[in-house]
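Input: a single structure, listed below in structure tokens.
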Amino acid sequence: MSKIWSFIIIFGITVAIIIGNVDLVINSVMDGSKASIENVISFAGMMCFWSGMFKILSETKIIKIFARKFSKILYLFFDKNDLSDEAVEYMSLNITSNMIGVGNAATINGIKSIKELQKLNKRKEIPNNNMTTFIVLNTASLQIIPTNMIALRALYNSENPASIIVPIWIVTICSLIVGIVAIKILNKRVI
């Protein structure tokens, strides 16, 4: 992919030089760089806010209580014989974090989940069914509060940044259903 992007950039700059629009390229690079830095700073502020909120909720045990309740739902999707209490706790925290839109806080628990699941994996060279199911649940996560998208829409002056909530619910529910069905079919065929 990097070769394709490199070719497109070099080709675009070459064409700009040939037709005499070098100033346009330089201005575009400067404007794009400025916009990307502004976006990163604004987005970092939003991530810090939600990470802080997640940390506060974690300290008050609200997230752990929610994750414990949520773990009962998790048992419907996983093979209980290959699960430890630690793995279930980390998976619950990861999926709960993703659901409330704090993906950067979810990453740590996702890594811990996979490590715990790998300890219980009988065939270490390939992921077991619980690992693949967790990856699908993590990737196709239901988004109750899509904070990142709302933040980006607010950053670009959307009239109603939160208007995407219902469509995101529909899309993430559909992707979650398709992902779960697909991984259950694939897990049965692989074993």
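Sequence positions, counted from 1, serve as the residue numbers for this chain. Just so we're clear, the structure is a prediction, and the values are computed from it rather than from any experiment.
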Quiz item: What distance do E116 atom CD and K119 atom NZ have between them, rounded to the nearest 0.5 Å?
Solution: 4.0 Å
Exercise. May I ask you to decide if S33's main-chain N or O and S36's side chain share a donor-acceptor pair within less than 3.5 Å?
Key: yes
Quiz prompt | Spacing of I10 atom CD1 and W5 atom CH2 [to the nearest 0.5 Å] | solution = 13.5 Å
Quiz item: Quick one: do M91 and L176 end up in the same hydrophobic cluster if we chain Ile, Leu, Val, Met, Phe, Trp and Tyr together by side-chain heavy atoms under 4.5 Å apart?
Solution: yes
Quiz item: Do I111 and I135 belong to the same hydrophobic cluster, where Ile, Leu, Val, Met, Phe, Trp and Tyr are linked whenever their side-chain heavy atoms lie under 4.5 Å apart, directly or via other members?
Solution: no
Exercise. Could you tell me which residues satisfy side chain to side chain contact (heavy atoms under 4.5 Å, CB included) with A162, sequence neighbours excluded, listed by chain and number?
Key: I150, N160, I165
Quiz item: With a 4.5 Å limit on heavy-atom distance, are the side chains of K184 and T133 in contact?
Solution: yes
Quiz item: Can you hop from V171 to I177 via hydrophobic side chains spaced under 4.5 Å?
Solution: no
Quiz item: For Y156, what residues pass the ring pair (Phe, Tyr, Trp, His ring centres under 6.0 Å) criterion, not counting sequence neighbours?
Solution: none
Quiz item: At what distance, to the nearest 0.5 angstrom, does OG1 of T107 lie from CG of N94?
Solution: 7.5 Å
Quiz item: Does a side-chain heavy-atom distance below 4.5 Å link L117 with L83?
Solution: yes
Practice problem: Return yes if some donor-acceptor pair links the side-chain N/O of Q143 with the main-chain N/O of N98 below 3.5 Å, else return no. | Solution: yes
Practice problem: Using modelled atom types only, decide if a donor and an acceptor are shared between the side chain of N27 and the backbone of D23 within a distance under 3.5 Å. | Solution: yes
Quiz item: Looking at residues at least two apart in the chain, or sitting in another chain, which of them share a salt bridge (Lys or Arg N to Asp or Glu O under 4.0 Å) with K124?
Solution: none
Quiz item: Which heavy atom in R153 sits nearest to a heavy atom in S163, and how many Å separate them?
Solution: NH2-OG, 3.0 Å
Quiz item: How many angstroms lie between OG in S113 and CD1 in I95, if you round to the nearest 0.5 Å?
Solution: 7.5 Å
Practice problem: Return yes if some donor-acceptor pair links the side-chain N/O of T172 with the main-chain N/O of W169 below 3.5 Å, else return no. | Solution: yes
Exercise. State which residues pass side chain to side chain contact (heavy atoms under 4.5 Å, CB included) with I37; sequence neighbours excluded, sorted by chain then number.
Key: I41
Quiz item: Around atom CD of E125, are there more than 12 heavy atoms of other residues, nucleotides or ligands at under 6.0 Å?
Solution: yes
Quiz item: Under a 4.5 Å side-chain heavy-atom rule over Ile, Leu, Val, Met, Phe, Trp and Tyr, are Y90 and L137 clustered together?
Solution: no
Self-check item: I145 CD1 to I168 CD1 distance, which is reported to the nearest 0.5 Å
Solution: 12.0 Å
Exercise. Using a cut-off of 6.0 Å, state whether more than 12 heavy atoms not belonging to L24 lie near its atom CG.
Key: yes
Quiz item: Is it the case that one hydrophobic cluster holds both L120 and F78, taking links as side-chain heavy atoms less than 4.5 Å apart, direct or via other members?
Solution: no
Self-check item: Residues clustering with M30 (ILVMFWY side chains joined when closer than 4.5 Å, directly or via others)
Solution: I9, I13, I17, V22, V25, I26, V29
Quiz item: How long is the span from the CG atom in N128 to the CD1 atom in I126, to the nearest 0.5 Å?
Solution: 8.5 Å
Exercise. Return the set of residues passing salt bridge (Lys or Arg N to Asp or Glu O under 4.0 Å) with K115 (not counting sequence neighbours), or none when no residue passes.
Key: none
